[in-house]
Structures are given as C-alpha cells and as structure tokens.
Novice: 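Structure in structure tokens, see below.
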Protein chains: 2
Amino acid sequence: MSPAEPLLILTDDDLLAEHWQALGRSPVRARRLEDLDTWRSAGHRLVLVDLDPRRADAPLWQHAAWQRNATGLAILAASAQPNDDEGLAVLNAGACGYCHTHAPTTTLRRALDVIAGGELWVGRALLSRLLRLVDTRLPRVGLAHWSAPLTEREREVAQLAAVGDSNLAIADALGITERTVKAHLKAVFEKLQVADRLQLALRVHGVR
Amino acid sequence: MSPAEPLLILTDDDLLAEHWQALGRSPVRARRLEDLDTWRSAGHRLVLVDLDPRRADAPLWQHAAWQRNATGLAILAASAQPNDDEGLAVLNAGACGYCHTHAPTTTLRRALDVIAGGELWVGRALLSRLLRLVDTRLPRVGLAHWSAPLTEREREVAQLAAVGDSNLAIADALGITERTVKAHLKAVFEKLQVADRLQLALRVHGVR
DNA sequence: ACGCCACCTGTCCGCGTGGACAATACCCAT
DNA sequence: ATGGGTATTGTCCACGCGGACAGGTGGCGT
C-alpha cells in the first residue's frame, strides 16, 4: 500500500472544504485555480475540485490554469448537481474522475484511491449512459434498480412518495387508506435502507 | 467501512485461482458457471470471473447461468487479452467491471472495492475510448441555476437540506440555531416556489 | 439619519410523518 | 393443514416540520 498521497482541496465553499477535510490524506485547502500550479510544481498530483464556484463566469475546465495542469495532475471533479454532459465535458478536459459534491465519504475515498492509482473514475449513472450510447440495443446494465427488492404495490407507493406526494394523496391515488400507504412505505424504507421519504426520493432519482 | 464481502473466484485455471487467492476477502473457488446460483442464494454478491475458459464454446456471458445471476451479483470480469469490444459486451451483459486477468493485486483489490460499493469499474483504456466515442461537441446550455435568487447563507442551508440533513443537523453544521435554519428555509421555499424540503431536493438535483 | 436587506433568535401551534403495538384476508407452496 | 408472503386497516404516540406572530443586530446606499 502506498502511503496516501496528499490531497489538494479546491473550493471557495468553506462548508464544503470542512466536509472534505474528513477525507484525510493530509488535505490542503485552496481557493484559486492558479493554486494548481504550485501544487504540481511541489510534486503532488491528487486534487479534489468543486465545480460550482460562487462567482461562476465560465466552466472551470475552460480556464487556462486548468488546461495547463490537467494532464499533469489527477483531478477528481465534483458537482453539486452531477449531470452527464458536464461529466463528459470535464473528463474530456482532462479530469480523472467525476462525482457528486456530497457523495458519501467512503465513495469519495474510493474514487480518490482509484485515480491516485492512475485509473479513471466515473459514477455508474454516467458510465451506464456511455455504454448505452455505444451500444444502443442495450438491455440495461447490471446496476441494481432501486425497485428491485420491492413488490408491485410498494413500487407504486414509492414512486409517488418520491415525487413529493403526501401519504393521503398517495392513498387517494391508489384507492386505499392512508394507513396502508404508511405500511407500504415502512417496508420500502426498510428494504431500501433509507430513513425517510426524502432519502427515498434521492435514491429513486439516482442521486448518490 | 464494510468488513470485506466474501469473494467467489470463478475459473478453471488452477494457477490463476491460486494467484487470485492472494486478493483476500475469504475467497471461494468455483469452476462452473452454475456455481453462481448457489453463491447468490447464499446471500453473497461479489464475483471475480475469468473470461477465458479452457473449453470455450460460447462467450461466458451468453450462458443462461450468467444471465440469470448477472443483475443480482457484482461481477468483475477478467480477460487475459482485454479488448474493448469484449469489455463492452460483458458490461452490457451485466458485469460491473472489466479488467486484465493478471492485473496487479492492488488494482484488482481496488476494482473489487469499487464494484462491492455498488459502482462500475472500467479500465482507463476502455473508458478513454468510450469518452472519445461520445465526444460530441456538447450543447451544454447554461441552464438557470437553482440558487440564483438565494443569498449566500440560504444557499448553504438549501444545499444541506437537499441532501437530507435535518434542521438541527444543519444548525450544528453552520453553527447557528435551529430557529435560524427554519427562517432561512422559509425564505428559500418562498423564493424557489416549493412547498417543502423534498420538493427543494428535487429542484436542487435537477429532477423536473 | 433613514430605509433596506441580510442575518440571527424567540415562542406557539397545527399537522404530517414514521414507528410500535396490533388484526384480518387472500394466495401459494410444502 | 400449516406456514409464509402480500395487501389491507386500526389506534396510539413522539417528533420534526413549516407557518405565524414577534424581535434584535450590522452593513450599505441615498
């Protein structure tokens, strides 16, 4: 095992920076894209960068400082609202990985391990799309669908809950009692290992 | 950290099997594709499979035993001579990863970690090719950012609320009172024209 | 100085939610 | 027949949430 390369955290979001400190790897905080120059000339490679700056004029990866450092660094780009097109763009701009800004720490650590090892890291949503684009007659990749362990009825309830319907609204829509909706949701929460309907919504809509 | 899921090693190459034993994870050796059935019904998920069987009639991923188990398992497929087309085929057949049979142990371990975590793993060669194939000049419209009308503080609160944090958790994270969080959220709801934090989450994450 | 705005805090209250106890009925496999 | 899974409904209760009243501070521009 290599002794964990140091990590440059690049964001102007103080809160996010603090959150990312928990990743370990002797993190160093930076705010300006130009800090990539000093990081690279110091012999380091690993960078975690926030793609959503407060004062955004143009995409980060179009800046000169990014362009001249991208190939020499191992950059993991994070977005608050990951989006396939943005992911493609930033990967094409030389990033080694693309993920959610608030991805679980374990996921971020894994992604950093991967790109530190010289590989590329792409989340399953974007990767699935890439595969689908290349092979259009794709019968659906092996990623487990959120509704896999659910029964038919549970799926219906979960679907409605995930778009914000209240228990009563779901009950009316399905012609059952609110109590029954709660029973189904309880089962859904347990099977999908989520705490509440908001986490369910995030799961259903492919966030994290 | 999860306590390393057990691993099923599927190959009829004794030498290779011995080599893969070094990966750890309480490896279990299997020779026949049908052993995937018992592995899955035993509640396990992780599999490392050799795509180059001694007596090859048809690609492994076209066998019935593969097809009926692929979605339920996390399969890392390995080939002695990795090739982009084979990689695409096997990934489309439900594998969660594709790599070289004799990849370094650290690489294999990393790949297993990744797919055990629910992600997909693709080597940089294949991934680069995928990116190149879809490198259509991305339209990338500057869609109105959800946080446009929000103040700095409101943005922070909204971001945390949108990933499921409770008011109290947000308050602790920002070093303010729960009451203040509610005040900010009230303003956020009004500015973004949403009823509650679930709708906020959907908006923030680009759903609808 | 005055108004505006961002930021912060307090109390009260109604309601939706989710969990913990239940129970009944149907279908299907051993 | 007995057991298991699915679907349904009931009551009770603690908790978080969001709204509605209220208030205080500091900065910034006219």
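Note on naming: letters A, B, ... go to the chains in the order of the sequence lines (proteins, then strands), and numbering restarts at 1 for each one.
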Novice: Would you check if A/E86 and A/W61 make a side-chain contact, meaning some heavy-atom pair closer than 4.5 Å?
Specialist: yes
Novice: Measure the distance from CD1 on A/I170 to C1' on D/dA7 and round it to the nearest whole Å.
Specialist: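 Distance, rounded to whole Å: 16 Å.
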Novice: Only one of A/L108, A/D13, A/L48, A/D52 clears side chain to side chain contact (heavy atoms under 4.5 Å, CB included) with A/T101; which?
Specialist: A/D52
Novice: Under 4.0 Å between a side-chain N or O of A/T151 and OP1 or OP2 of D/dG5?
Specialist: no
Novice: Quick one, give me the B/S/- string for nucleotides 16-27 of chain C, reading 5' to 3', where B means a protein heavy atom under 4.0 Å from the base and S means that only happens at the primed atoms, P, OP1 or OP2.
Specialist: -SBBBB------
Novice: Based on the rotation axes of five pairs at each end, what angle does the helix from C/dA1-D/dT30 to C/dT30-D/dA1 bend through, to 10°?
Specialist: 30°
Novice: May I have the distance from B/R153 (atom CZ) to D/dG27 (atom C1'), rounded to whole angstrom?
Specialist: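 Roughly 16 Å, once rounded to whole Å.
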Novice: Nearest whole angstrom, please: distance from the P of C/dC5 to the NE2 of B/H184.
Specialist: 16 Å
Novice: D/dA7 C1' sits how many Å from A/K191 NZ, rounded?
Specialist: 12 Å
Novice: Give a yes or no on whether the backbone of B/R40 and the side-chain of B/D37 come within a donor-acceptor separation of less than 3.5 Å.
Specialist: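 Flag not set: sc B/D37 to bb B/R40 has no pair under 3.5 Å.
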Novice: What's A/T177 touching, base or sugar-phosphate or nothing? Going by heavy atoms closer than 4.0 Å.
Specialist: sugar-phosphate
Novice: Check whether B/E190 reaches the backbone of B/A187 with its side chain - one donor and one acceptor, N or O, closer than 3.5 Å.
Specialist: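 The answer is no, because no donor-acceptor pair under 3.5 Å joins these two groups.
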Novice: Give the intermediate values and the outcome of side-chain contact (heavy atoms from CB on, under 4.5 Å) for residues B/L10 and B/L36.
Specialist: CA-CA 9 Å; B/L10 185 57; B/L36 292 177; 4.2 Å; yes
Novice: If you look at every strand shown and take non-hydrogen atoms under 4.0 Å, does B/A183 touch a base, only sugar-phosphate, or nothing?
Specialist: base
Novice: Round to the nearest Å and state the distance from B/I176 atom CD1 to D/dT25 atom P.
Specialist: 19 Å
Novice: Do A/Y98 and A/L88 have side chains that approach each other closer than 4.5 Å (heavy atoms only, starting at C-beta)?
Specialist: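 No. Closest side-chain heavy atoms not under 4.5 Å.
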Novice: Just the rounded figure in Å: distance from C1' of D/dG18 to CD of B/Q199.
Specialist: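 That distance rounds to 14 Å.
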Novice: Check step by step if side-chain contact (heavy atoms from CB on, under 4.5 Å) holds for A/K191 and A/E154.
Specialist: CA-CA 10 Å; A/K191 287 183 179 177; A/E154 287 164 356; 2.9 Å; yes
Novice: Considering non-hydrogen atoms only, spot the tightest contact between A/A95 and A/A77 and give its length.
Specialist: CB-CB, 4.4 Å
Novice: Would you please name every residue forming a side-chain hydrogen bond (donor to acceptor under 3.5 Å, both in side chains) with B/T11, sequence neighbours left out?
Specialist: B/D50
Novice: In whole Å, I'd like the distance from the CG atom of A/L150 to the C1' atom of D/dG5.
Specialist: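 Computing the A/L150:CG to D/dG5:C1' distance gives 15 Å.
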